[in-house]
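As the structure is a computational prediction, the values presented were derived from the model and not from experiment. One is the number of the first residue; the rest follow in order along the sequence.
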Amino acid sequence: MFTLPWQPPYDWTWMFSFLRARAVSGIETFDDDNYTRSIALAGHRGLMTLTPDPGNGTLKVNLSEELLPVAELCLQRIMRLLDLQRDPQLIAAALGDLARARPGLRLPGSVDVFEQGVRAILGQLVSVAMAAKLTGKVVAACGEPLAQAPGYYTFPTPHALAAADPLALKALGMPLKRAQALIHLAQATLDGRFPLQAPTDVEQGVKMLQTFPGIGRWTANYFALRGWQATDVFLPDDYAIKQRFPGMTPTQIRRYAERWQPWRSYALLHIWFTEAWRPLN
């Protein structure tokens, strides 16, 4: 058993609700206050179970025996997924009234950048539930079962998706162009064109992603938000954001959001999940 510290406040109810709504069958399960998911790192494959302990300000982490040789890498991925390294009081102070209702809100990240890229593409133009269901089908078709944990798979590797038949992926319930976009993303990962680390210039990185087939501006920014855990991303032309800023153009919304730099990603989350919020002026 390992423990990871975090600085309060932390809204675990919100974070687990967010992850549970997007949980992919075969990869992730929730049981009361426990979140279990598969992971593959450096040739080691297994399960990790995460249990918040708010009373002690720690996260309990249980790794299956197969993952113990890469325990440090697993802990680093968990910290990135759950945004444990941030100072929430610093961010809340910068956001002011916007963060008052949820000062413990964190930025959901990912345990694997390629996985998050795939999930971002599969989430286009469908509901959260449909995206999770479709991703589960891709996992069952292209992932590798965990022999030591029946019912679990590890997420498909770039090699597996690069070699996939686009028509077979289409048959899972996605447009052919989306299937081709997944294959291109996998190939770009293998040849190094898809950055697995956040670039120094995130804005330029987002523009580069939009040159990939099947990745538009919204998808590229959403990926940067979660895959790279970029802290200063805002989506002024997002449908829900435009609803929160009635009568304002995307340019005006972008200008308004500048007050929240360099934490616009957190501002975006607060606005997305606060239906009654409206700009002050």
Of the non-hydrogen atoms in [X] and [Y], which two are nearest, and what is the gap between them?
X	Y	result
Arg254	Pro236	NH2-CG, 3.6 Å
Pro88	Pro103	CB-O, 3.8 Å
Arg45	Ala40	CG-CB, 3.9 Å
Pro52	Leu59	N-CD1, 3.6 Å
Val126	Met130	CB-CB, 4.0 Å

Quiz item: Do you know which of Val111, Val113, Leu107 makes side chain to side chain contact (heavy atoms under 4.5 Å, CB included) with Arg80?
Solution: Val113
Quiz prompt | Identified side chain to side chain contact (heavy atoms under 4.5 Å, CB included) counterpart of Phe234 within the set Leu268, Asn221, Leu225 | solution =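 Answer to the side chain to side chain contact (heavy atoms under 4.5 Å, CB included) test with Phe234 among Leu268, Asn221, Leu225: Leu268.
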Quiz item: Below 6.0 angstrom between ring centroids: does that apply to Phe223 and Phe212?
Solution: no
Is any side-chain heavy atom of [X] less than 4.5 Å from a side-chain heavy atom of [Y]?
X	Y	result
Leu185	Val118	yes
Val61	Ile78	yes
Met208	Pro195	yes
Phe155	Val24	no

Exercise. Could I get the full list of ring pair (Phe, Tyr, Trp, His ring centres under 6.0 Å) partners for Tyr10, not counting sequence neighbours?
Key: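 With neighbours one apart ignored, the set is Trp6, Trp12.
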Donor-acceptor pair, [X] side chain versus [Y] backbone, under 3.5 Å?
X	Y	result
Arg244	Ile241	no
Thr219	Ile215	no
Arg226	Pro108	yes
Ser265	Val233	yes
Arg77	Leu41	no

Any pair counted as side chain to side chain donor-acceptor pair (under 3.5 Å), so long as it reaches [range], sequence neighbours left out:
range	value
residues 192-204	Asp191-Arg193
residues 62-73	Ser64-Glu66
residues 84-99	Gln7-Asp87, Asp83-Arg86, Arg86-Tyr266, Asp97-Arg100

Using the rule that two of Ile, Leu, Val, Met, Phe, Trp, Tyr join whenever any of their side-chain heavy atoms come within less than 4.5 Å, decide whether [X] and [Y] are in one cluster.
X	Y	result
Val138	Ile183	yes
Phe245	Phe273	yes
Met248	Leu98	yes
Val139	Leu146	no
Leu134	Val128	no

Practice problem: Indicate the ring-plane relationship of Tyr222 and Trp218, choosing parallel, tilted or perpendicular according to the 30° and 60° boundaries. | Solution: parallel
In Å, rounded to the nearest 0.5 Å, how long is the span from [atom1] of [X] to [atom2] of [Y]?
X	Y	atom1	atom2	value
Leu209	Trp228	CG	CH2	4.0 Å
Arg102	Thr13	CZ	OG1	10.5 Å
Ile271	Gln243	CD1	CD	13.5 Å
Ile253	Leu235	CD1	CG	10.5 Å
Met15	Leu82	CE	CG	5.5 Å
Phe2	Leu50	CZ	CG	12.5 Å

Exercise. Apply salt bridge (charged side-chain N to carboxylate O under 4.0 Å, His left out) to Glu28 and list each qualifying residue two or more places apart in sequence or on a separate chain.
Key: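 Scan of Glu28 (salt bridge (charged side-chain N to carboxylate O under 4.0 Å, His left out), adjacent residues dropped) gives Arg119.
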Exercise. Could you go through the side-chain contact (heavy atoms from CB on, under 4.5 Å) check for Arg255 and Glu258 one step at a time?
Key: CA-CA 5 Å; Arg255 190 175 300 119; Glu258 288 176 356; 4.3 Å; yes
Quiz item: Is it the case that more than 12 heavy atoms not belonging to Asp33 sit under 6.0 Å from its CG atom?
Solution: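 Atom CG in Asp33 is not packed in, count stays at 12 or less.
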Exercise. Determine, stepwise, if the pair Trp277 / Trp272 fulfils side-chain contact (heavy atoms from CB on, under 4.5 Å).
Key: CA-CA 9 Å; Trp277 186 87; Trp272 265 343; over 6 Å; no
Mind listing the side-chain donor-acceptor pairs of residues 163-182 below 3.5 Å, one per line with the distance, residues two or more places apart or on another chain?
residue : atom : partner : partner atom : Å
Asp165  : OD1  : Leu167  : N            : 2.9
Arg178  : NH1  : Gln124  : O            : 3.0

